[in-house]
Amino acid sequence: MVQKGAAVPVTQTTPDATKTGFTVPSTKEIIITIDGPAGTGKSTVARRLAQRLGLDFLDTGAMYRAAAAILIDRQIDEQEIGELVSTVLGADLHFDWSQDPPTILAWDTPIDHRIRCDDVTKKVSFVATIPELRSHMVRKQRIIFAQHPRLVTEGRDQGSVAFPDAPIKFYLDADPRVRAERRIDQLGLDGSVSVEEMSERILERDRIDSTRSDGPLVCPEDAVVIDTSVLSIDEVINEMERVVRERLDDL
Ligand code: DC
């Protein structure tokens with residue numbers, strides 16, 4: 001079994017539970033948090049875990065990305081924090097839950113295509129340091145959980161700040177080089193950005209994310225840590241499912 005706060009040995013393989021058909025009983029309300037830095041496979045894993053367990057999936061990074069896209073597209077000066085915050089509040093960011101994965105909307109317009117662009121990725125760490133925006137996002141995330149009480153939520157502060165009482169918390173980590181390769185792949189940047197450059201960007205983002213005063217990237221004390229460096233997505237999800245099944249009996 002995985003120890004609290006201990007990384008899964010990279011050589012460990014888990015029995016394939018993919019075909020078990022296990023889902024969280026529909027009467028059960030539950031929140032599962034997945035924290036960790038960029039490029040650990042968090043988003044993919046969170047979405048697939050939610051699908052497998054029959055839960056809703058919340059991508060909180062999309063909310064900060066949406067704020068960064070608003071900053072750029074509305075040509076708001078970075079120094080004008082008040083203007084940025086009020087514009088983001090006015091955008092009424094929300095998700096369309098009829099889509100899989102849910103799409104994010106600002107001013108009732110889907111902006112999914114926009115939030116993965118490279119210029120947004122470059123600005124988002126800065127945006128995510130703004131305390132007024134963070135508290136707004138955390139408030140929204142708690143409202144979303146009230147409306148979707150069977151949820152897998154993924155981000156950097158979900159288990160530590162947004163949902164400290166979550167009964168099941170995971171923290172995903174991976175080697176920076178592996179994370180860089182995955183990030184290039186995910187953002188479709190093959191050829192235009194080197195692995196070295198992306199590693200540097202990732203380490204810089206980690207530095208910003210983990211040293212900010214508000215909601216820094218930390219591993220929650222009671223999280224199950226999984227090192228995804230050499231595990232496939234399926235292996236990670238199988239391990240998570242195993243932990244969920246084990247914990248569910250006590251909830
Ligand atoms: O997971 P991602 O790359 O889509 O996240 C984008 C940015 O948002 C990243 O710089 C960290 C930040 N973020 C955050 O600070 N808190 C969250 N809950 C989710 C993302």
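Residue numbers run from 1 in the order of the sequence given. In listed order, ligands and their atoms are each counted from 1. Everything numeric in this text was worked out from a predicted model, so none of it was measured.
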Verdict with reasoning, Asp118 to Lys122, per salt bridge (charged side-chain N to carboxylate O under 4.0 Å, His left out): CA-CA 6 Å; Asp118 206 30; Lys122 282 183 180 151; 3.7 Å; yes
Pair Arg74 + Glu83, salt bridge at N-O below 4.0 Å: no
Salt bridge Asp214-Arg156, side-chain N to carboxylate O under 4.0 Å: no
Residues Glu204, Arg207: salt bridge by 4.0 Å N-O rule: yes
For Ala128, all residues meeting side chain to side chain contact (heavy atoms under 4.5 Å, CB included), sequence neighbours excluded: Tyr64, Arg134, Arg212
Distance (rounded to the nearest 0.5 Å) between Ile233 CD1 and Arg48 CZ: 6.5 Å
For ligand 1, output the ligand-protein N/O contacts shorter than 3.5 angstrom; if there are none, return none.
unit_1	atom_1	unit_2	atom_2	d
ligand 1	1 (O)	Arg156	NH1	3.3
ligand 1	3 (O)	Arg65	NH2	3.1
ligand 1	3 (O)	Arg183	NH2	2.6
ligand 1	3 (O)	Arg205	NH2	3.1
ligand 1	4 (O)	Arg65	NE	2.7
ligand 1	10 (O)	Ser125	OG	3.4
ligand 1	15 (O)	Arg134	NH1	2.8
ligand 1	15 (O)	Arg134	NH2	3.4
ligand 1	15 (O)	Arg212	NH1	3.1
ligand 1	15 (O)	Arg212	NH2	3.1
ligand 1	16 (N)	Arg134	NH2	3.1
ligand 1	18 (N)	Thr60	OG1	2.9
ligand 1	18 (N)	Arg156	N	3.3
ligand 1	18 (N)	Asp157	OD1	2.7

